[in-house]
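Take a look at the structure set out below.
These values consider heavy atoms only, across backbone and side chains, with no hydrogens, waters or symmetry-generated copies. Starting from 1, each residue takes its place in the sequence as its number.
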Amino acid sequence: MLFCKKQLALNCIKYFLFILCFSITTVSFAQKQKITVKYAGTLATDPEIKDGAKVFTRDKSLQVHFFHKGADVFCDRAIYYEDQDYLEAFGNVVMKQGDTINMTTKYIEYSGKTQLAFARGDVVLTDPQSVLTTDKLHYDRSRQLAYYDTKGKVVRDSSGTITSQIGRYYMNANKYQFTQDVVLVNPDYTLNTERLDFFTQNGFAYLFGPSTITGETSTIYCERGFYDTNNNTGHFQRNAKIDYDNRTVEGDSLYFDRNRSFASATNNITVTDTLNKSIVKGHYAEVWREKDSMYITKRALAITVQEKDSVYLHADKLMVTGKADNRITRAYYNARLYKSDLAGKADSIHVNHKTGLMQMINLSRFSSTDAFATKRKPVLWNLGNQMTGDTIHVLSNVETEKLDSLKVYNNAFLVSKDTLSKDNFNQIKGQRLIGLFRDNELYNVDIIKNAEVIYYSRNAENELVGINKSKSGSINIKIEAQEIEEIRLIQQIDGKLYPESEFPQSGKLFRGFDWRGEERPLSVEDLFKDDPPLVLPKIKGLADYVPPEDFIDESVSERIEQAGKETPNKPNKAAQNLPKKTAPIPLKPKIKETDSIKKPLKETIKVKAKTKDQ
């Protein structure tokens, strides 16, 4: 009984000393804004721990609780180094900062002098918009900056999961900065990049370095870019391109809307269609994937790639519509066509890639009294022959890629220069014209209804025999080696072969004659010669890449150094477990020629243009 009373008295004394010590320590720490103890089950010292640190342990009901400048730390066991105001917490550690930041871990170190924390072991940092997990985490409460360099993962419900080797979290700005092997996985796509600046409140993502966004139906590549993860829209620059359905869209700046399957491009655009062997160029384009349509303007150029001789089509605007097996290209206005053996001009040109039919149309907006109506009528040149009419249809063989036939509707006119005279022209006119091609050369022509002909007839020595001027119901013409070999008048109405001296000068040209040889494009560059000067907007995009700041910057180094001055004879605990400086990661382009862009589709058209600020 005496022993029990002595033991009870001893416990009361110990408890009194603990409360006294706790109260004095709390008051002292509060005056110096040191780490304070809010609750502890037991307080003890351990001879194995140097520097006379205090050891706090939880009881059965509550964890050890510390507080410092708005932050609470809970743990099962803690070692506190009073002279350096330094805390080590073990077991089910929780660090809370107001209602916004909550961190759990197995172990944490915290300096009250520098406000630097180091957490290790199953670290989970939670804020209202995201959850960060990693194995090791450095936390600067003064700058509200968290940092890891041992790989981490951030989960955000609406954006997906982001992993990286290195990460920074700027809490005041609600911004993550991920570097090195960055991967964002979303149910709709996967993003890979070398650096990603991500804002948790609005879901904005800024991409630096070689970056790809791979979805089920499309792949995007860029070296600078912005992506709105909430609305699935983005802007991309620097070698930017989008691949989808055997089609690649490239340009100085690309806009993409995943929800609408829509993309637009600005400046130096190339759209490559490997299935239809075509390339479209220009400086502004809109692409609708689900509608399988494309609109392009500003020096728009469509190239139908052929093995030996590609076809080039230029107009103010181009529209490409329809599925791959039934695609139509519409060119308007001032449409121009060039091929080595074929050239043409019209208000509008329509090409059906499935049937091989090209329609050259004179639009109704030009009346017969319009000063430009004659010039804007469709005109087609094949080698030495010029054909004009209200509408021209040209049919090609889609298998052999060779010209098959042509039809000229209403006011058909076939003109070619006489081979040995300067100002004389062979002329055939009528209501309709039907022509046949062999090896892309016109060899047979039929003029139907109200046919008329003026032809300079020469013998084998190319001497002028006479000038044939005739009228007929219809005319058949045989052409060989680009020269008329035979003219057959069917249902002849009137005709005569005149000696040159007797041929009236006033009758040398038919009414409606219009030689337009000076308009004929002789090269791809000629397609653009009548275009007005082109002024392109200047693409600003994101600023140049700036390497991320080191976690230990100059201000942090000063804090650490100052923390050690009060205990110069002891190792500075505030300087332990600091992250190493990271070397800048060079962001080199990793773009490669994809298998989808094959060599036959490589066409280079250089168009000079000025730029202006947007």
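- Among all heavy-atom pairs drawn from Leu254 and Glu250, the shortest one is CD2-C, 4.2 Å.
- Looking only at side-chain heavy atoms (C-beta outward), Lys153 and Thr134 stay at 4.5 Å or farther from each other.
- The aromatic ring centroids of Phe226 and Tyr206 lie less than 6.0 Å from each other.
- In this structure, Thr248 contributes its side chain and Asp243 its backbone to no donor-acceptor pair below 3.5 Å.
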CA sep, side-chain torsions, deciding dist, call: Asp135, Arg120, salt bridge (Lys or Arg N to Asp or Glu O under 4.0 Å): CA-CA 6 Å; Asp135 186 56; Arg120 181 176 61 215; over 6 Å; no
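- For the pair Asn230/Arg156, a side-chain contact is recorded, criterion being any heavy-atom separation below 4.5 Å from C-beta on.
- By the 4.5 Å heavy-atom criterion applied to side chains, Ser557 and Ile552 are counted as neighbours.
- Around atom CG of Asp122, no more than 12 heavy atoms belonging to other residues, nucleotides or ligands sit under 6.0 Å away.
- A salt bridge links Arg238 and Asp544; the closest N-O separation between the charged side-chain nitrogens and carboxylate oxygens is under 4.0 Å.
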Audit row: Phe262, Thr233, side-chain contact (heavy atoms from CB on, under 4.5 Å) steps and yes/no: CA-CA 9 Å; Phe262 170 79; Thr233 60; over 6 Å; no
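- Glu223 and Asn239 form a side-chain donor-acceptor contact under 3.5 Å, judged by distance and modelled atom types alone.
- Ile279 has its side chain within reach of Thr270: a pair of non-hydrogen atoms, C-beta onward, lies under 4.5 Å apart.
- At a cut-off of 3.5 Å, with distance as the only test, a side-chain donor of Glu109 or Tyr86 sits close to an acceptor on the other residue.
- Taken from CD in Glu82 to CG in Leu87, the straight-line distance is 12.5 Å, to the nearest 0.5 Å.
- Ion pair Asp188/Arg258 not flagged as a salt bridge, since none of the NZ, NE, NH1 or NH2 atoms sits closer than 4.0 Å to an Asp/Glu carboxylate oxygen.
- Between Pro548 and Arg168 there is a side-chain heavy-atom pair separated by less than 4.5 Å.
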Residues Val123, Thr104; criterion side-chain contact (heavy atoms from CB on, under 4.5 Å); working and verdict: CA-CA 6 Å; Val123 183; Thr104 62; over 6 Å; no
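- Counting heavy atoms from C-beta on, the side chains of Leu534 and His283 come closer than 4.5 Å.
- At least one donor-acceptor pair under 3.5 Å links the side chain of Thr114 to the backbone N or O of Leu116.
- Electrostatic pairing of Lys175 and Asp197 counts as a salt bridge here, judged by a charged N lying under 4.0 Å from a carboxylate O.
- Distance CD/Gln115 to NZ/Lys69: 4.5 Å, rounded to 0.5 Å.
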Full working for ring pair (Phe, Tyr, Trp, His ring centres under 6.0 Å) between Tyr148 and His138: CA-CA 6 Å; Tyr148 64 83; His138 300 271; over 10 Å; no
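- Taking each heavy atom of Thr229 and Gly203 in turn, the nearest pair found is OG1-O, 2.6 Å.
- The closest donor-acceptor contact from the side chain of Arg224 to the backbone of Leu542 lies at 3.5 Å or more, if one exists at all.
- The main-chain N or O of Tyr81 is never found under 3.5 Å from a side-chain atom of Gln84 such that the two would form a donor-acceptor pair.
- Residues meeting the salt bridge (charged side-chain N to carboxylate O under 4.0 Å, His left out) test with Asp76, sequence neighbours left out: Arg58.
- Using a 4.5 Å heavy-atom threshold, the side chains of Asp257 and Asn232 count as separate.
- Pairing each heavy atom of Arg559 with each of Ser142, the nearest pair is NH1-CB, 3.3 Å.
- In this structure Ser130 satisfies the side chain to side chain donor-acceptor pair (under 3.5 Å) test together with Asp127, Tyr176, sequence neighbours excluded.
- Looking at heavy atoms from C-beta onward, Leu137 lies out of side-chain contact with Tyr147 at the 4.5 angstrom threshold.
- Close placement of the Tyr110 and His68 rings is indicated, their centers lying within 6.0 Å of each other.
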Asp72 vs Met95, side-chain contact (heavy atoms from CB on, under 4.5 Å): CA-CA, chis, key distance, verdict: CA-CA 6 Å; Asp72 295 276; Met95 186 175 192; over 6 Å; no
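- Residues Gln63 and Tyr39 come closest through the heavy atom pair O-CD2, 3.4 Å.
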From CA spacing to verdict: salt bridge (Lys or Arg N to Asp or Glu O under 4.0 Å), Arg143, Glu549: CA-CA 12 Å; Arg143 290 185 293 167; Glu549 62 177 328; 3.6 Å; yes
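- Salt bridge Lys580/Asp550: absent, no basic N to carboxylate O contact under 4.0 Å.
- Using modelled atom types and a 3.5 Å distance limit, the side chains of Ser211 and Thr193 yield a donor-acceptor pair.
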Residue pair Tyr295, Thr297: steps toward the side-chain contact (heavy atoms from CB on, under 4.5 Å) verdict: CA-CA 7 Å; Tyr295 165 88; Thr297 186; 4.0 Å; yes
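- Screening residues 231-252 for ring-ring contact (aromatic ring centres under 6.0 Å, His included), with sequence neighbours left out, gives His235-Tyr255.
- Tyr169 and Tyr139 have their aromatic ring centers separated by at least 6.0 angstrom.
- A search for salt bridge (charged side-chain N to carboxylate O under 4.0 Å, His left out) contacts involving Asp316 returns nothing, not counting sequence neighbours.
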Please tabulate, for the side chains in residues 563-571, all donor-acceptor contacts under 3.5 angstrom to protein atoms that are two or more places apart in sequence or on a different chain.
unit_1 : atom_1 : unit_2 : atom_2 : d
Glu566 : OE1    : Lys113 : NZ     : 3.1
Lys570 : NZ     : Asp83  : OD2    : 2.3

Candidate pair Tyr107 and Phe90, rule ring pair (Phe, Tyr, Trp, His ring centres under 6.0 Å), full reasoning: CA-CA 5 Å; Tyr107 171 78; Phe90 305 83; 5.0 Å; yes
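- For Asp252, the salt bridge (charged side-chain N to carboxylate O under 4.0 Å, His left out) test picks out no residue, with sequence neighbours left out.
- Minimum heavy-atom separation, Phe256 to Ser218: CZ-OG, 3.8 Å.
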Pair Asp292-Arg247, salt bridge (Lys or Arg N to Asp or Glu O under 4.0 Å): steps then yes or no: CA-CA 10 Å; Asp292 218 326; Arg247 184 180 282 173; 3.7 Å; yes
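- Leu318 and Ala302 get closest at one heavy-atom pair: CD1-N, 3.5 Å.
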